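Here the structure is laid out as structure tokens; the discussion comes afterwards.
Here the structure is a predicted model, which means the values were calculated and not measured. Nothing fancy with the numbering, it's 1 onward along the sequence.
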Amino acid sequence: MDETEFWELVDTTREDAEGDPEEQADLLVERLVRLDPEAVLDFARHFESRYHRAYHWDLWGAAWVLLDGASDDAFDYFRCWLIGQGREVFEGALHDPDALADLLDDFDEEIDGDGEDLGYAADEAYEQLTGTVAPDLDLPPAPAEPEGTPLAFENEALLAERYPRLWERFRG
């Protein structure tokens with residue numbers, strides 16, 4: 001599975017799930033089990049590498065503004081959700097986290113921002129296909145700390161200054 005096929009799967013499942021990340025995860029599993037186990041592992045590698053790329057302080061700050069706070073776990077689930085939003089939103093947010101204010105059509109705090117189940121879709125599909133746990137993906141280890149400069153998330157003035165569009169749209 002190449003990068004284009006990865007993003008097509010992400011996009012079609014998001015559209016079919018009408019943006020609900022839990023439903024999207026279920027649809028991903030359904031579609032992944034139609035593939036061979038190696039293709040499922042390829043999908044997992046694409047997902048995991050993007051998950052690690054999103055481990056950045058600036059993006060965590062944007063998640064903090066969107067979610068009105070984001071613990072370690074909440075940021076993990078946010079990164080899964082962000083991948084589930086598709087290539088344009090994902091890459092745009094990595095390039096400029098404040099751009100999420102413009103990249104997101106809607107943001108429902110009840111369902112958006114938490115894509116925990118998306119992070120397990122490939123593992124679940126692989127296990128259904130093979131009856132075994134997915135092997136190690138042979139990717140570089142996850143960074144120990146987020147990339148970039150740590151932010152004082154509790155400093156609302158700093159967050160409003162760093163993320164003016166997000167702050168205006170979601171907290172203003």
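For Phe75 and Trp81, the distance between ring centers is not under 6.0 angstrom.
Looking only at side-chain heavy atoms (C-beta outward), Glu23 and Glu18 stay at 4.5 Å or farther from each other. Within the 4.5 Å cutoff, no side-chain heavy atoms of Asp112 are placed close to those of Phe78. Using a 4.5 Å cut-off on side-chain heavy atoms (C-beta onward), Leu129 and Val40 make contact. Looking at Trp60 and Asp72, their side chains come closer than 4.5 Å, going by heavy atoms from C-beta outward.
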Got a list of side-chain donor-acceptor pairs under 3.5 Å for residues 114-121, not counting sequence neighbours?
residue: Asp114; atom: OD1; partner: Glu116; partner atom: N; Å: 3.1
residue: Glu116; atom: OE2; partner: Tyr77; partner atom: OH; Å: 3.4

Under 3.5 Å donor-acceptor pairs involving side-chain atoms of residues 89-105, not counting sequence neighbours:
residue: Glu91; atom: OE1; partner: Arg53; partner atom: NH2; Å: 3.0
residue: Glu91; atom: OE2; partner: Arg53; partner atom: NH1; Å: 3.1
residue: Asp96; atom: OD1; partner: Asp98; partner atom: N; Å: 3.2
residue: Asp96; atom: OD2; partner: Arg165; partner atom: NH2; Å: 2.7
residue: Asp98; atom: OD1; partner: Arg165; partner atom: N; Å: 3.2
residue: Asp98; atom: OD1; partner: Leu166; partner atom: N; Å: 2.9
residue: Asp98; atom: OD2; partner: Arg165; partner atom: N; Å: 3.2
residue: Asp98; atom: OD2; partner: Arg165; partner atom: NE; Å: 3.0
residue: Asp102; atom: OD2; partner: Arg165; partner atom: NH1; Å: 2.7

For residues 151-161, dump all side-chain donor-acceptor pairs below 3.5 Å to protein atoms at least two apart in sequence or in another chain.
residue: Asn155; atom: OD1; partner: Ala157; partner atom: N; Å: 3.2
residue: Asn155; atom: OD1; partner: Leu158; partner atom: N; Å: 3.0
residue: Glu156; atom: OE2; partner: Arg171; partner atom: NH2; Å: 3.3

Check against side chain to side chain contact (heavy atoms under 4.5 Å, CB included), Trp167 and Arg162
CA-CA 9 Å; Trp167 192 268; Arg162 176 66 73 79; over 6 Å; no
Should Tyr163 and Asp58 be marked as a side chain to side chain contact (heavy atoms under 4.5 Å, CB included) after you check the CA-CA gap, both sets of side-chain angles, and the distance that decides it?
CA-CA 9 Å; Tyr163 308 100; Asp58 285 342; 4.1 Å; yes
Verify side chain to side chain contact (heavy atoms under 4.5 Å, CB included) between Met1 and Leu35, making sure each step is shown before the conclusion.
CA-CA 10 Å; Met1 172 177 299; Leu35 306 174; 3.6 Å; yes
Phe43 and Val10: side chain to side chain contact (heavy atoms under 4.5 Å, CB included), yes or no, with the steps?
CA-CA 10 Å; Phe43 180 91; Val10 168; 4.3 Å; yes
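Proximity of a side-chain donor or acceptor of Tyr55 to a complementary backbone N or O of Arg50 within less than 3.5 Å is not detected. Although no hydrogens or angles enter the test, the distance criterion places a donor-acceptor pair under 3.5 Å between the side chain of Gln24 and the main chain of Gly84. Between the side chain of Arg79 and the backbone N or O of Ala54, no donor-acceptor pair lies under 3.5 Å.
Evaluation of the side-chain hydrogen bond (donor to acceptor under 3.5 Å, both in side chains) rule for Thr130 yields Thr132 as partners, not counting sequence neighbours. Taking His46 as the reference, Phe6 meet the ring-ring contact (aromatic ring centres under 6.0 Å, His included) condition, with sequence neighbours excluded. Scanning for ring-ring contact (aromatic ring centres under 6.0 Å, His included) contacts around Phe47 gives an empty result, with sequence neighbours left out.
Neither Val33 nor Leu27 shares a network with the other; the hydrophobic side chains, linked directly or stepwise wherever heavy atoms of I, L, V, M, F, W or Y lie under 4.5 Å apart, form separate groups for each. Leu9 and Leu82 fall within a single hydrophobic cluster, where Ile, Leu, Val, Met, Phe, Trp and Tyr are joined by side-chain heavy atoms under 4.5 Å apart, directly or via other members.
Considering CG of Leu66 and CZ of Phe107, their distance stands at 4.5 Å, rounded to 0.5 Å. Annotation: the span from Asp36 atom CG to Arg34 atom CZ amounts to 14.5 Å, rounded to 0.5 Å. Rounding to the nearest 0.5 Å gives a distance of 9.5 Å between CG of Asp42 and CG of Leu137. With values rounded to the nearest 0.5 angstrom, Phe170 atom CZ is found 10.0 Å from Leu67 atom CG. The distance from the CD atom of Gln128 to the CG atom of Leu32 is 10.0 Å, given to the nearest 0.5 Å.
At a threshold of 4.0 Å, the pair Arg87-Asp11 does not count as salt-bridged, since none of the basic side-chain nitrogens sits closer than that to a carboxylate oxygen. Of the charged side-chain nitrogens involved, at least one lies within less than 4.0 Å of a carboxylate oxygen, so that Asp16 and Arg31 count as a salt-bridged pair.
Residue-environment remark: CD (Glu3) exceeds the threshold of 12 foreign heavy atoms within 6.0 Å. Other residues, nucleotides and ligands place more than 12 heavy atoms under 6.0 Å from the CD atom of Glu15.
Contact record, Gly19 with Ile111: O-CD1, 4.4 Å, taken as the closest heavy-atom pair.
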